[in-house]
Structure formats: C-alpha cells, structure tokens
Amino acid sequence: MERWLPDLRAGVEPLYDDADAVVDRLLAVAARRFAARPADLHDLDERRVLAPDWFQQPGVLGYAAYVDRYAGTLQGVAGKLDHLQELGVTYLHLLPLLQPRPAPHDGGYAVADYRAVRADLGTMDDLRDLAGSLRERGMSLCLDLVLNHVAREHEWAARARAGEAAYRDFFLTYPDRTEPDRWEETLPEIFPDFAPGNFSWDEELGGWVWTTFNAWQWDLNWANPAVLEEFADIICDLANTGCEVFRLDAIAFVWKRLGTNCQNQPEVHALTQALRTVARIACPAVVFLAEAIVGPRDLLAYLGEGERHGKVSDLAYHNALMVHLWSMLASGDTRLSSKAMAALPPPPSTTGWITYARCHDDIGWAITDEDAEAVGLWGSAHRRFLADWYDGSFDGSWARGLVFQFNPVTGDKRTSGSLASLAGLEAGDPLSLERILLLHAAILGFGGVPVIWMGDEVGLLNDPDWDSEPEHADDNRWVHRPRMPWVEGTHRPPDPHGLLPRLQHLVDVRRSLPHLHAATPATVLEIAPDGVFAVLRRHPHGPFLALHNMTPTPRRVPWWVLEHVGLGRSGTAVTDHLGGLSGPTALHATDTGGSVDLAPYQVRWLTA
C-alpha cells in the first residue's frame, strides 16, 4: 500500500468526485483478495517483484489459441503442453474461455459470467489446474478480460432490465433517440455489415442501450465507480486462479465523451492505472496487456505517457508492425513502412510490445493518409491495393484471403486468412515458406513479446469448411481459426513443410541474444536500400542490426550502413546469428565485396 497508494489515487481522482471513498473500497478489494491468495502464488509474487522485467526477457515467447480449436478442453490443453514447451513457449494466451451468452457470442467476447468457465471447455478447477501445470513448466497464462461490454444475459444486465436502478446505472441507457442521435454524429461503426449503429432498442429494458459492437453486447458505464470496483475484484479473483496476464479487450472504447469517436479518451488510461495498481497491491505477479488496435500516435498512451509514464498497461499490441510487414511483402517497397515506423517513439523501458504477424482477428489496413503522403502515395489507394492483393484479386497476387467487412461508403475492407495462406503457401508459390519464416523472424527480432498464432508454426492453411458451423457462417474470420491437427498418439502437429525446426532455431537464437531484451528500444532505419527493412537495437553489449529483404529478388546492403550503426568498422568482423542452422557465421567487408547480400526474403541478425 505504501508503494502503490499514490498511483492508485492518481488513477481514481480524475474520474470520480468521491475519489477517497472509491480508493478505500478498492483497497478493501485488494486486501480481501490478497488474504485469499494461495501460497504458491504469493511465492510467484515475490519472484516477480524481485525480477520485474520477467516478461521483457529475450527468452519469452508467446502462443495464442482457442481452447476448443487447440485441444478441445482445458484438460486437453494440459495434455498438449509438450509441443509448446519444445517450441519454447513461455506465455500462453487462451482466447475467451469465460462463460459467454448462447451463440452468437462474438467468439466468446460477449461474457455472461466472469467467474465461470464455458461449460464445454471445463470448470474453474480445470482452469486452476492448467495454470498450475503451466507454472511448473515456466509458462504464464494469459486470459481475455472484456472491459467495454457484457452480454445482454449477464446478471448485471438482467437486473437492469428488472428495474434495479443501481444496475441500470451500470449501462448507458436512453428513453428515446434524442441522445443516441447526438452521439451517433461522431461515432464510427465497428461492424457496418451486420451490426450498424451504436445503440439498440431493448423492449424488456424499455429503452435504448449503448451497443458499440452487437445488440447483445451492452456497453458498461465506467463513469459509475461501482463498475471499476467490480472489475478490480474480478481481476484479483481470476489472478488467484493462476492468471498472470490480462488482455484488456476493447480497452480503447470504455470511456464516452460527446462530440468524439469515444475512443482513446484520457480517462481510459486513468482507469487502467487504477486497475493495474490494485493488482500491484494484491497480486503483483500480474501484468496487463492493452488490446488497443488504434492509430500509431494514440498507441503509446496505453503504456503510459507524461505523468502516467510506465503506469498504465505493461504490454500493448504493435498492430502497426503487423500491418506494415504485410504491406512491404505485397508491394516490395519499404520506404513507406520504414518512414512510418521510424517516426514512432519507443515505449517506456519497463514495458514492451506484443509483436505478431497474425492473430485471431481480421487485418485492418491501418496505413494512415499522412504516412502514405510522406512518400508520395495516396493512402486510400494503397489500402485498397493491400485489400485486393490479400484477397487474391490483384493480378499476380500469391495471397488467398477473404474480404471482411467491406464498407461501400468509405471503400475500406479488411482481410481474413491464415498466415500461410496470405503468404502464398495455399497458392503454391515457391517462395511462400521463406515469407513465412521472414514474418516469424521479424516479430522475434523486434523485441517485446513475440506471439505466434496457433498453427502458424506448421503453416496451417485457411479452413475450407469454416462456415460449416451455423454460428460461424456470417463471420469469415473463422477461416483462419482451423482446428489444430495432431499426429495420432503424439503431442505434435503434422509439419509437412518442415517449418517447425526452422522456427525453433529462430527462437533458440533469439533466446541467446541479450540485445533483444524489451527494454532495448527498436529503431527502424531509413538509410537501408529500398526493399530492405532494417531494425537497429542499441544495447550495452553493442548494436544489433536486423536486415529483412522484403522482396522476391536479391538485395545488397552497402557495408557503410553497418559502419554507420557501429558494426564492422576498421575491418572487424560482423556475426550473422542466422547464418545457418549449424550456427552463426562471420562476415568481413573484404570477403563480401563491401556489402551484405540478402537472398529473396532472407533475414540477417548482425552483431559485433
């Protein structure tokens, strides 16, 4: 309390008039849950307090999956941990597994009970047992915590419909369209195809309720401190079952302000700081991951800027890196991405990015007009090109994706598809495997916590039967959520393309390089030749330079680029840690003709 009370007050005071009373109630939550915390988790807390950079280490590797798609049940997941351990996974994100409403439920993101597991997946005891098994193997469990909304069937919503004023104030409700129409003037539509607008009429409630995503997902009223107090208790309760990382879903939307798009409001960061501080008091082994898929210039605030520097979430998704990697692969041009990425400031040194090439969601082509114009491109045309390339309709494309949520008003469309299918493996492109490995190397070498989406380690393709389940038929994101195949009688999936040992090699090399600690910022260089994406990390052990050939043709990087960052000066050798499966290789300017050659889609990790 002595350490964290000032930060708790700083989070609560901008939000509520009765801040002192709210702080007292939050401290009571923390004290009660601390007292109930199991002894082995108190031990974990002690270790994490002594090593607060545990999640920033170069040996940290994430993996994300749906429980049922990976192994059927929580007990099934526990039986398939050997595969993850052999891959080097230390962080397992299991997508929504808390009790949702009946289908449709947005893949589990419409939660009806935060204190129960989906019945077909198991029980809370199964979750507790799995978390314990993960800890024994040095793995941390990450769970989704949906903050912006609950299912219409949640107890809070049911009590609101029953007329309980205290619970009606948990939501944003209106007797007629007067207020909703004022808000709609500046609100975007998240799912224009199947959930237009941001408000829904509920007959039983007798009013309009705010529903950003779907009519059966009711937005919560975070201006009511009772909502904050409930979620503080939920977080500590789930932490006591063994959850170590909370993915704060839809965090950007939780605070509403008239006349804005109701995203990225400053109160969002105050709320997160308050929740994080309660966790630091009661269960300090826990870290927060912000699921903020927002513009690059809004992103850093989710890790903390100014007076909240390093006091908000501990991790945040680097959506821009993912989008730009696919953009460079499609265009073969690195100028736009290098300039845009070079302009991003580094995160606080106590935090880190989640880096990923693919996730469970669609890809939105978030290339800003400003970034495109800076290199002479038209933003909307480039976004349209990317969508057309990755749905396979652009002439010469090797990608095989699907269009998701086409907006005829703006012309924007998003993309569904597995990493392997988007990278050309489904189309039989001869360079597809090299693209897949390049993407893995790029997220592994950028720092933070790299996360692999289930099946990408063995090149799973789009699921041709994705719409065979009625509840999935209207949502083609299920095309890149196939069920994990397993070799009968083993804990291993089939690896017909030989990707797994090559990926394991990348993971092993990454673990050996202190330069890849997340506290060492990644800087994108604009001086590399076009077609080469260059990432520099300046570490006390010396510079680390990652060179990625984003094109299907050879590229040559002049030796002076290496000298510019402090490598290979005065004839000294440079080590390429990805020189081969047998080990690193040495490069000399005299041997290479004054340049470093890159084969199509080759990656080199260079140090002194």
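Count residues from 1 along the sequence.
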Does Q405 form a side chain to side chain contact (heavy atoms under 4.5 Å, CB included) with D362? I'd like the steps, not just the answer.
CA-CA 9 Å; Q405 292 291 315; D362 59 282; over 6 Å; no
Throw together a table of side-chain donor-acceptor distances under 3.5 angstrom for residues 392-403, partners on residues two or more places apart or in other chains.
unit_1: S393; atom_1: OG; unit_2: D388; atom_2: O; d: 3.3
unit_1: S393; atom_1: OG; unit_2: D391; atom_2: OD1; d: 2.6
unit_1: S397; atom_1: OG; unit_2: W389; atom_2: O; d: 2.5
unit_1: S397; atom_1: OG; unit_2: A399; atom_2: N; d: 3.0
unit_1: R400; atom_1: NH1; unit_2: S397; atom_2: O; d: 3.4

For L439 and A357, work out which heavy atoms get closest and say how close.
CB-CB, 4.0 Å
Taking all non-hydrogen atoms of both residues, which atom of Y302 and which atom of V268 are closest, and how far apart?
CE2-CG1, 3.8 Å
Salt bridge check, R69 against E469: does any charged N sit closer than 4.0 Å to a carboxylate O?
yes
Let me confirm one number: the CG-CE distance from L336 to M328, rounded to the nearest 0.5 Å.
9.0 Å
Strictly under 6.0 Å, is that where the ring centroids of H154 and Y114 end up?
yes
Rounded distance [0.5 Å steps], CH2 in W365 versus CZ in R383
12.5 Å
Regarding R177 and the six-membered ring of W208, is the cationic atom NZ or CZ under 6.0 Å from the ring centre and inside 45° of its axis?
yes
Would you say the rings of Y390 and W326 are close, in the sense that their centroids are separated by under 6.0 Å?
yes
Do D361 and R414 sit within salt-bridge range, that is, some charged N less than 4.0 Å from a carboxylate O?
no
Is the closest side-chain heavy-atom distance between T272 and V254 below 4.5 Å?
no
Does a sphere of radius 6.0 Å around CD in Q75 hold more than 12 heavy atoms from other residues, nucleotides or ligands, not counting ones at 6.0 Å or beyond?
no
Kindly indicate, with the supporting measurements, whether the criterion side chain to side chain contact (heavy atoms under 4.5 Å, CB included) is fulfilled by L248 and L145.
CA-CA 5 Å; L248 306 181; L145 188 71; 4.2 Å; yes
Using only atom types and a distance under 3.5 Å, with no angle test, would you say the side chain of S133 pairs donor to acceptor with the backbone of A78?
no
Nearest heavy-atom approach of H149 to A250 is CE1-CB, 4.4 Å
Hey, are the side chains of F246 and L275 touching, using non-hydrogen atoms and a 4.5 Å cut-off?
no
Side chains of L141 and L127: closer than 4.5 Å at any heavy-atom pair?
yes
Going by an N to O cut-off under 4.0 Å, is there a salt bridge joining D82 and R137?
yes
Taken in chain and number order and not counting sequence neighbours, the residues that satisfy side chain to side chain contact (heavy atoms under 4.5 Å, CB included) with Y356 are I293, Y317, N319, M322, I354, C359
When you measure from the side chain of R358 to the backbone N and O of M454, does any donor-acceptor pair fall under 3.5 Å?
no
T186 side chain to T260 backbone, donor-acceptor under 3.5 Å
yes
If you define the side chain from C-beta out and look only at heavy atoms, does anything of L147 sit under 4.5 Å from L220?
no
Answer yes or no: is there an ion pair linking E434 with R502, defined by an N-O contact shorter than 4.0 Å?
yes
D113/R115 salt bridge by N-O under 4.0 Å criterion:
no
Centroid-centroid distance, F170 to W218, less than 6.0 Å:
no
Measure the shortest side-chain to side-chain distance between T490 and W486 over non-hydrogen atoms and say whether it is less than 4.5 angstrom.
no
Salt bridge present between D106 and R477 (N-O < 4.0 angstrom)
yes
Any chance you could measure D129, atom CG, to L134, atom CG, to the nearest 0.5 Å?
11.0 Å
Looking at R247 and L95, would you say the former's side chain and the latter's main chain have a donor-acceptor pair under 3.5 Å?
no
Should we say atom CG of N261 is surrounded by more than 12 heavy atoms from elsewhere, each under 6.0 Å from it?
yes
Exam field: side chain D126 to backbone T123, donor-acceptor pair closer than 3.5 Å
yes
Side chain to side chain contact (heavy atoms under 4.5 Å, CB included), that's the test. Do D169 and V227 meet it? Break it down for me.
CA-CA 9 Å; D169 195 35; V227 174; over 6 Å; no
Quick one: do M341 and L344 satisfy side chain to side chain contact (heavy atoms under 4.5 Å, CB included)? Show the steps, please.
CA-CA 5 Å; M341 296 287 289; L344 295 179; 4.1 Å; yes
Less than 6.0 Å separating the ring centroids of F213 and Y109?
no
Taking side chain to side chain donor-acceptor pair (under 3.5 Å) as the criterion, tell me which of T211, D202, N214 meets it with R152.
D202
Verify, without hydrogens or angle tests, whether R159 (side chain) and E164 (backbone) share a donor-acceptor contact under 3.5 angstrom.
no
Under a 4.5 Å cut-off applied to non-hydrogen side-chain atoms, are P96 and D144 in contact?
yes
With distance as the sole test, does R128 use its side chain to make a donor-acceptor pair with the main-chain N or O of A131 at under 3.5 Å?
no
N264 and V294 have their tightest heavy-atom pair at OD1-CG1, 3.2 Å
Minimal non-hydrogen separation, G197 against E189, with atom names:
N-OE2, 2.8 Å
When you measure from the side chain of H105 to the backbone N and O of G108, does any donor-acceptor pair fall under 3.5 Å?
yes
What's the shortest heavy-atom distance between L299 and A292, and which atoms?
CD1-O, 3.6 Å
Could you tell me the separation between the NE2 atom of H269 and the CD1 atom of I251, rounded to the nearest 0.5 Å?
8.5 Å
Check whether any side-chain N or O of H480 sits under 3.5 Å from a backbone N or O of G417 as a donor-acceptor pair, and report yes or no.
yes
Could you state the interatomic distance from CD1 (I363) to CG (L386), rounded to the nearest 0.5 Å?
9.5 Å
Measuring only between side-chain heavy atoms, which start at C-beta, is H93 closer than 4.5 Å to V245?
no
Measuring from D314:CG to L289:CG, what's the distance to the nearest 0.5 Å?
9.0 Å
On the ring face of W210, is K256 found with NZ or CZ under 6.0 Å from the centre and within 45° of the axis?
yes
Do the side chains of P188 and Q263 get nearer than 4.5 Å, heavy atoms only?
yes
Just by distance, do the side chain of S421 and the backbone of S418 share a donor-acceptor pair under 3.5 Å?
no
